[in-house]
Amino acid sequence: MDVHDLDLWRKAHPTYTYWCGLQLDGCGGELSGRRYTSKVCHFAHHPSAPVCRRKANGESSADHLFIKQGMRRLLDRREVRGEVRTRDLGTGPGDAVDVHLVGSHRRLRFQLSTFDYRAWRRAEDELAAEGGGVDWILATDGPVLQQIVSRQGYCLRVRCETAGGERRVHIGAEARDRTVAWAPLEDCSLTSSGIVTPHVERIRLSRSRPEPLAFPIQGGSVFALVPGAAAPVGSPFEEEGRHLLVADVKPMGSPIARTLISLPGDTEAPPAEHVYKVSEGARILLAESAGTWAVLADRYVRLNAHEAQRTGLWTPPSVDGSEAVTVPAPGLPPVRPMRQGAVTAPVQTVPSQPTAEAAAAHVPVSHPELAIALREALVQRARLCSPVTWDMLVEAVGPRLAACTTEARISLLLEVDRPLWENVPVLSALIQENGVPLPYLSSVLFQLGVPHSDTSSQIKRWAAVETERAFAVYGLPTRPMPPRYLLRPERPVVPEPEAAVVVRRPAAKSVSKRKRTGRAAIRDTSAVRRVRVLVRELNKLLGGLGRAARGPVIKAVDGANVWLAFQEGAELPLEERRRLAMQTPEFVVDLLEYTLQVAEGGPAPAQRPESHKVEGQRMAESAPPKQHVKPPTPAVQDPVERLTRQLIAVAARGQTVPAALLGGGRKQPGLRSLLEALDGHIPPDVPVLSALVLGPDGGPVPFFRDILKAGGLAVPRTDEALLKIWHREQERAHAAYANPPQELPPRLVPPR
């Protein structure tokens with residue numbers, strides 16, 4: 001392309017002529033080299049040449065010829081018999097290069113043009129019909145490449161790089177993590193299994209079994225394990241941490257089929273003598289290579305005798321009419337008659353021909369089974385987008401639930417919602433009592449591990465948000481789940497002498513190590529401590545009060561909790577802060593003592609404490625002139641810390657977020673500096689959270705290179721490399737903040 005090089009070329013080859021190559025999809029007409037000093041030198045057709053319709057004229061337009069030439073050289077060097085030819089698949093002679101290894105009856109297809117999945121399957125069938133296996137070497141990324149990676153754990157890639165006056169061919173091996181290890185074509189070898197790069201064997205040894213296809217089962221299913229049957233060794237459905245068992249499965253509205261079923265491995269495999277129901281989350285697994293299928297189930301519940309008999313998978317055991325015996329539940333040994341003289345409790349007997357209802361009545365219900373049934377009932381209510389009371393749950397689950405004490409209810413709810421996951425709603429929040437959450441919901445949340453649930457006054461708000469999350473997940477149609485409401489810490493009770501002291505909290509540090517502004521706590525006088533004591537006493541009374549008496553108590557407790565939270569610097573509206581600033585501890589104590597006496601049924605004071613407005617006027621009149629009670633300033637949250645919490649919540653849901661939805665939007669002047677401060681100098685085991693922020697075109701933000709530079713990472717030059725790094729950091733963020741956390745993929749960008 002340089003004029004000096006053209007002059008040297010002409011002197012070295014004065015007799016050369018040039019033609020528009022047919023192998024480049026040209027017209028075959030003669031060309032002349034045009035010499036320019038003000039623009040790039042190039043070839044041009046003669047005026048008398050035929051009309052040429054060639055479109056591709058870049059340096060990559062002859063890559064198929066360089067690949068053909070490179071493969072011929074490799075065959076000669078490795079002393080392998082083979083045939084190499086280019087293929088026109090509809091867009092030109094450079095669509096593909098086919099290599100037939102005669103000795104091993106294997107074919108290589110270098111696919112240089114883009115095509116879809118169906119065209120790939122047609123070509124796969126055509127090449128396979130000619131005999132032997134097929135190796136695909138693709139030039140472009142796309143769904144076909146990912147399909148091959150999912151089938152065999154890796155895929156071969158091809159690219160050409162300009163070196164001097166020719167194009168050098170490189171073969172790459174792309175693994176599941178989207179990393180590609182490139183090697184020159186001359187460093188590859190040809191074996192009976194096809195072309196092999198130095199990195200293919202390492203990927204083959206480390207690759208996992210291809211993942212089977214999964215399809216949801218609508219309407220649920222029932223199953224019974226086949227006693228004594230073992231799953232085949234090396235099944236494509238084997239998975240670490242799960243049981244793979246042989247079972248008779250009956251999907252809803254379908255006949256019974258014997259197949260494999262995959263069950264969670266965190267507990268022992270269920271007994272084979274029972275029938276179980278899978279009402280949600282069941283999927284059919286299909287292994288495309290093996291042509292077999294299985295059922296995957298994460299949750300299941302055992303059916304009682306009546307329901308099990310209706311499925312056709314179980315029949316009550318036959319009994320001898322000569323003697324009366326108890327009818328056990330499926331899988332339990334029959335109760336034998338006692339010998340004479342034995343001192344035992346009397347055995348309750350039933351007729352020799354028991355009904356299904358009588359058999360179901362003798363089925364024992366264990367604590368785990370009761371928790372599973374309770375969870376099923378809560379999920380059904382969530383599908384209806386409706387809260388539920390405990391009495392309604394008793395009707396759905398059974399009378400065993402009605403006899404549960406408060407401690408037993410808490411234990412059952414813990415079984416329902418344990419473990420606590422960020423992306424799974426807490427179903428206990430759906431249960432209401434007199435229109436408000438359960439009085440012992442805070443105890444359930446505290447034992448589940450919800451931060452600050454044992455002291456927060458915002459449990460009602462937390463339960464309302466969690467209820468909406470459950471409706472979003474289980475309701476039909478489903479919708480995006482809102483983030484979980486975060487409870488804030490509130491001031492604990494600190495025993496101190498009666499003398500008033502001023503307690504100050506040290507300023508906390510944010511992620512970017514910037515200091516937060518704080519405010520001094522109120523004087524922890526005996527009146528303030530009395531407020532906390534009265535709040536606890538009223539909370540203890542709530543469980544035994546009727547519906548009419550609970551309202552004033554809840555209102556007084558909520559008001560006192562808000563007042564205590566305000567003293568700690570909680571963020572409240574301006575009008576609310578002004579109102580609370582005019583309330584003295586003595587007034588709050590009087591109001592709570594009045595409420596407590598009324599709730600206990602004792603004699604109420606002759607006069608109720610003054611209202612907030614009257615109390616404020618009394619304070620204003622007694623205050624010295626020109627002195628005003630200033631409402632305290634709420635604590636200011638660091639913007640980097642707030643942005644970090646937002647992005648961590650997005651990562652926990654496995655999602656991304658447009659920059660316009662962040663605080664201030666993408667046009668906010670400080671968003672760039674906030675993201676650079678958030679991801680500045682991050683260690684290798686911490687993902688770049690800024691990768692979760694989408695730019696205006698749906699890709700990375702325009703300044704993502706500057707964020708990598710601020711984080712001490714190398715800055716890629718090409719957009720292709722930048723997109724790969726961006727996608728990888730998204731995967732790392734989703735893995736790091738998943739619940740439970742997953743193993744982080746390796747970082748694609750090295751440190752600077």
Side-chain angles (χ1 to χ4, degrees), residues 63-89 94-160 168-210 288-290:
D63 282 352
H64 59 292
L65 299 181
F66 287 106
I67 293 173
K68 179 180 179 181
Q69 175 182 320
M71 284 303 302
R72 283 177 173 171
R73 292 174 179 174
L74 183 63
L75 291 171
D76 295 339
R77 188 181 301 110
R78 303 297 183 187
E79 297 181 353
V80 177
R81 292 179 56 202
E83 301 175 356
V84 186
R85 60 191 179 101
T86 59
R87 293 290 302 272
D88 187 346
L89 303 179
D95 287 341
V97 178
D98 280 352
V99 181
H100 180 205
L101 305 179
V102 179
S104 61
H105 300 285
R106 195 164 190 87
R107 301 180 184 276
L108 309 179
R109 165 63 66 88
F110 290 85
Q111 183 69 35
L112 305 181
S113 62
T114 58
F115 64 157
D116 57 16
Y117 173 80
R118 301 179 69 179
W120 169 69
R121 288 305 299 259
R122 287 195 299 268
E124 172 95 351
D125 296 338
E126 292 174 0
L127 294 174
E130 297 177 4
V134 182
D135 277 351
W136 287 87
I137 304 98
L138 306 182
T140 58
D141 192 359
V144 174
L145 185 144
Q146 297 306 317
Q147 178 72 16
I148 296 177
V149 170
S150 64
R151 288 175 62 184
Q152 63 185 29
Y154 71 96
C155 182
L156 295 178
R157 303 281 301 274
V158 61
R159 72 180 183 188
C160 296
R168 300 289 300 276
V169 182
H170 290 75
I171 304 296
E174 179 165 340
R176 289 184 184 274
D177 58 359
R178 307 298 297 275
T179 58
V180 185
W182 295 97
L185 179 61
E186 53 268 21
D187 292 344
C188 300
S189 59
L190 292 173
T191 66
S192 59
S193 61
I195 188 169
V196 178
T197 72
H199 305 278
V200 166
E201 288 300 328
R202 176 174 54 84
I203 296 177
R204 286 176 178 174
L205 293 175
S206 62
R207 78 173 189 259
S208 59
R209 184 183 292 107
E288 185 179 10
S289 58

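Sequence positions, counted from 1, serve as the residue numbers for this chain. All values below come from the heavy atoms of this structure, side chains included, with hydrogens, waters and symmetry mates left out.
A heavy-atom distance below 4.5 Å is not found between the side chains of V99 and I195. With contacts defined as side-chain heavy-atom distances shorter than 4.5 Å, the pair L89/F115 does not qualify. Q111 has its side chain within reach of S113: a pair of non-hydrogen atoms, C-beta onward, lies under 4.5 Å apart. Residues T114 and V144 have side chains not in contact (no heavy-atom distance under 4.5 Å, counting atoms from C-beta outward). With a 4.5 Å cut-off on side-chain heavy atoms, V169 and M71 do not count as touching. The shortest side-chain heavy-atom distance between L101 and L75 falls under the 4.5 Å cut-off. Side-chain contact between F110 and H64 is absent, with no heavy-atom pair separated by less than 4.5 Å.
Note that NE2 of H100 is 10.5 Å distant from CG of L127, once rounded to the nearest 0.5 Å. In this structure, CZ on R107 lies 12.5 Å from CG on D135, to the nearest 0.5 angstrom. Taking SG of C160 as the reference point, atom CG of L112 lies at 8.0 Å (rounded to 0.5 Å). D116 contributes atom CG, which lies 12.5 Å from atom CZ of R121 (distance to the nearest 0.5 angstrom). Here I148 contributes atom CD1 and L156 contributes atom CG; the two are 9.0 Å apart, rounded to the nearest 0.5 Å. Between the CZ atom of R81 and the CD atom of E79 there is a distance of 13.5 Å, given to the nearest 0.5 Å.
In plain terms, the two heavy atoms of V200 and A173 that are nearest each other are CG2-CB, 4.0 Å. In terms of heavy-atom proximity, G172 sits nearest to V180 at CA-CG1, 4.0 Å. Smallest separation of non-hydrogen atoms from K68 and R85: CE-CA, 4.5 Å. A pairwise comparison of heavy atoms in L74 and C188 identifies CD1-O, 3.6 Å as the closest pair.
Salt bridge status for E126 with R122: absent, with no side-chain N to carboxylate O gap under 4.0 Å. A salt bridge does not link R109 with E124: none of the charged nitrogens is closer than 4.0 Å to a carboxylate oxygen.
By the 6.0 Å contact criterion, CZ on R159 is enclosed, its count of non-hydrogen atoms from other residues, nucleotides or ligands being greater than 12.
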Point to revise | Test side chain to side chain contact (heavy atoms under 4.5 Å, CB included) applied to L185 and V158, step by step | key: CA-CA 9 Å; L185 179 61; V158 61; over 6 Å; no

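For the side chain to side chain contact (heavy atoms under 4.5 Å, CB included) with L108, the qualifying choice from V97, I137, D98 is I137, the only one to do so.
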